[in-house]
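These notes concern the structure reproduced below.
For reference, positions follow the sequence shown, starting with 1. All of these numbers come straight from a predicted model, not from anything done at the bench.
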Amino acid sequence: MSRSYHPNITERSIVNTILKYLNSLPECYAIKTHGGQYRGGQPDIMGSFQGRFLALEVKRPGGKPTKLQMEILKKWAAAGAIAGVVYSVDEVQKLIREAVSNGSST
């Protein structure tokens, strides 16, 4: 899926597709986090993949994360998490593949 604008794709449907994919992987468990007064900027999906924490901010194609979201993802990555902004399952796969092969977070 490209990052170009797709008016019929909702962030919720992308999150659900990504969760279905992640939870089908061995040694992986992920959940949708829910916002609230004290949770601003937290990633949409959190979980664990082969012992590595996942912190994923999901956006619709063309969407951009806020400054606060990026700051929080950087903190997760600095702590060793696989962290990033994703727009599709393909990007999740790429993020995980790069993090596992590099032994680092992105």
* Are the side chains of Ile96 and Cys28 in touch, meaning some heavy atoms are under 4.5 Å apart? -> no
* Spatial distance of atom CD (Glu57) from atom OG1 (Thr66) [nearest 0.5 Å] -> 7.0 Å
* From Gln42 atom CD to Leu73 atom CG, the distance as rounded to the nearest 0.5 Å -> 9.0 Å
* Asked: Side-chain heavy atoms under 4.5 angstrom apart, residues restricted to Ile, Leu, Val, Met, Phe, Trp, Tyr: same cluster for Val100 and Val92?
  -> yes
* **Heavy-atom donor-acceptor pair, Tyr87 side chain to Gly63 backbone, under 3.5 Å** => yes
* To do: For the residue pair Ile72 and Gln69, establish whether any side-chain heavy-atom pair is separated by less than 4.5 Å.
  => no
* **Distance-minimising heavy-atom pair for Pro61 and Ile9** => CD-CG2, 4.5 Å
* Test item: Gln93 and Val89 side chains (from C-beta on) under 4.5 Å apart, heavy atoms -> yes
* Set of ring-ring contact (aromatic ring centres under 6.0 Å, His included) partners for Tyr29, sequence neighbours left out -> none
* Do you know which two heavy atoms are closest between Arg52 and Gly80, and how far apart they sit? -> NE-O, 3.1 Å
* Any side-chain heavy-atom pair from Ile14 and Lys59 closer than 4.5 angstrom? -> no
* **Of all pairs that satisfy side chain to side chain donor-acceptor pair (under 3.5 Å), the ones with a partner from residues 13-24, not counting sequence neighbours** => Thr10-Ser13
* What are the two closest non-hydrogen atoms of Pro43 and Ala55, and how far apart are they? -> CG-CB, 3.7 Å
* salt bridge (Lys or Arg N to Asp or Glu O under 4.0 Å) contacts in which one or both residues fall within residues 22-34, not counting sequence neighbours -> Lys32-Asp44
* Please examine the side chains of Ile45 and Val86, heavy atoms only from C-beta on, and report whether any two atoms are closer than 4.5 Å. => no
